Number of protein chains: 2
Amino acid sequence: MRTRRENSPSCEAWRLLFDLLMEQRSRVPAIAAEFGLSPMQCHVLRLLEPGEPAPMGRLASGLGCDASNITGIVDRLEARGLISRRLAERDRRVRVLALTDSGVELRAKLLERMAEPPQWVERLPADEQQALCRILRRALD
Amino acid sequence: MRTRRENSPSCEAWRLLFDLLMEQRSRVPAIAAEFGLSPMQCHVLRLLEPGEPAPMGRLASGLGCDASNITGIVDRLEARGLISRRLAERDRRVRVLALTDSGVELRAKLLERMAEPPQWVERLPADEQQALCRILRRALD
DNA sequence: TATTGTTATACTCTATAACTATA
DNA sequence: TATAGTTATAGAGTATAACAATA
């Protein structure tokens, strides 16, 4: 029965979450702008971990976009001296990306800023924050 | 103490939620594409309720973007016959947007599709789905 | 032949600033 | 003067297709 399905707890939970997300669509763009970055540049810095260089292709799948987009995004980060391209030794078709020192530094500040919970999380009672953690941990399994 | 703050339940909840969101960044774009729409066109159709015409300016604030962007987005929706512009009677600077019949129809299908909860919600036990609803309802107060 | 990354192209979203027509 | 919307512009993300270098 359709009505029953639409009023199910799973649908309501998703609707509530969707509303919360839409209210905060500007969060990542705003934080990115604080650092003079675009949202996608932010995501690249987030995905690229210090000491763990990654091929460009992995970024494309991590970002869920076509490989041809990565070229331009990486160009701009490289131009700002935040990451570097180098050829992979074993397979010379592959370009491996690594954070520069300045990239490591900026990434740390960026992640610290993005880790700040939004007000609606902060304002929940402690026991509900813990319940939320428990539920989300299970969801991520 | 910084370490304590970063391991607080509110920070962990936000981090878990952020990870879930990032895993599903492509959800809205993918659904939009199913209907031949861009993500922003989707959001406009979602915000514009049948029988409740709205001035363009309200859309700009609802979408959190500059008013100058709305012109183009609305142009494309109008060209597809999904919405219509008309002059407001009392203040002729204002353009009021309304869904066309075809827009109402498409919006219904779109909202039904977007209301489908993602797998990670669906797979939670029923009691945790309900707990999640309770927490999110409180968060939205 | 298949794969990695680049380039070219075309479209959409984005903010800023200058403009119009109203108020 | 101030406001609602438009236009012009420049920059960034997006997919597709064609391409080079390498496997």
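Chain letters run A, B, ... following the sequence lines, proteins first and then strands; every chain starts at 1. The model shown is predicted, which means the values in this text are computed figures rather than measured ones.
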Using whole Å, what does the distance between atom [atom2] of nucleotide [N] and atom [atom1] of [X] come to?
X	N	atom1	atom2	value
B:Leu87	C:dA21	CG	P	13 Å
B:Arg86	D:dA4	CZ	P	17 Å
B:Arg92	D:dA2	CZ	P	23 Å
B:Ile73	C:dC11	CD1	P	17 Å

So, with a heavy-atom separation below 4.0 Å from DNA chain C, the residues of residues 19-51 of chain B are B:Ser38, B:Met40, B:Gln41
Report, one pair per line, the protein and nucleotides 3-9 of chain C atoms (nitrogen or oxygen only) whose separation is under 3.5 Å.
from, atom 1, to, atom 2, distance (Å)
C:dT3, O4', A:Arg93, NH1, 3.2
C:dT3, O2, A:Arg93, NH1, 2.9
C:dG5, OP1, A:Met56, N, 3.3
C:dG5, OP1, A:Arg95, N, 3.1
C:dG5, OP1, A:Arg95, O, 3.2
C:dG5, OP2, A:Gly57, N, 2.8
C:dT6, OP1, A:Arg85, NE, 3.0
C:dT6, OP1, A:Arg85, NH2, 3.4
C:dT6, OP2, A:Thr71, OG1, 2.8

[X] side chain near [Y] side chain, heavy-atom distance below 4.5 Å:
X	Y	answer
B:Arg138	A:Pro125	yes
A:Arg85	A:Val96	no
A:Glu23	A:Pro118	no
B:Phe18	A:Arg46	yes

So, the side chain of B:Trp14 versus the backbone of A:Met114: is there a donor-acceptor pair under 3.5 Å, distance only?
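Yes.
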A:Glu89, CD: over 12 other non-hydrogen atoms inside 6.0 angstrom:
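No - once you tally the heavy atoms of other residues, nucleotides and ligands closer than 6.0 Å, there are 12 at most.
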Does atom CG of B:Asp127 have more than 12 heavy-atom neighbours from other groups under 6.0 Å away?
yes
Nearest-neighbour nucleotide for the A:Arg76 side chain, D:dA15, D:dG13, C:dA15 considered
D:dG13
Check ion pair B:Arg137-A:Asp19 (N to O, under 4.0 angstrom)
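No, no charged N to carboxylate O under 4.0 Å.
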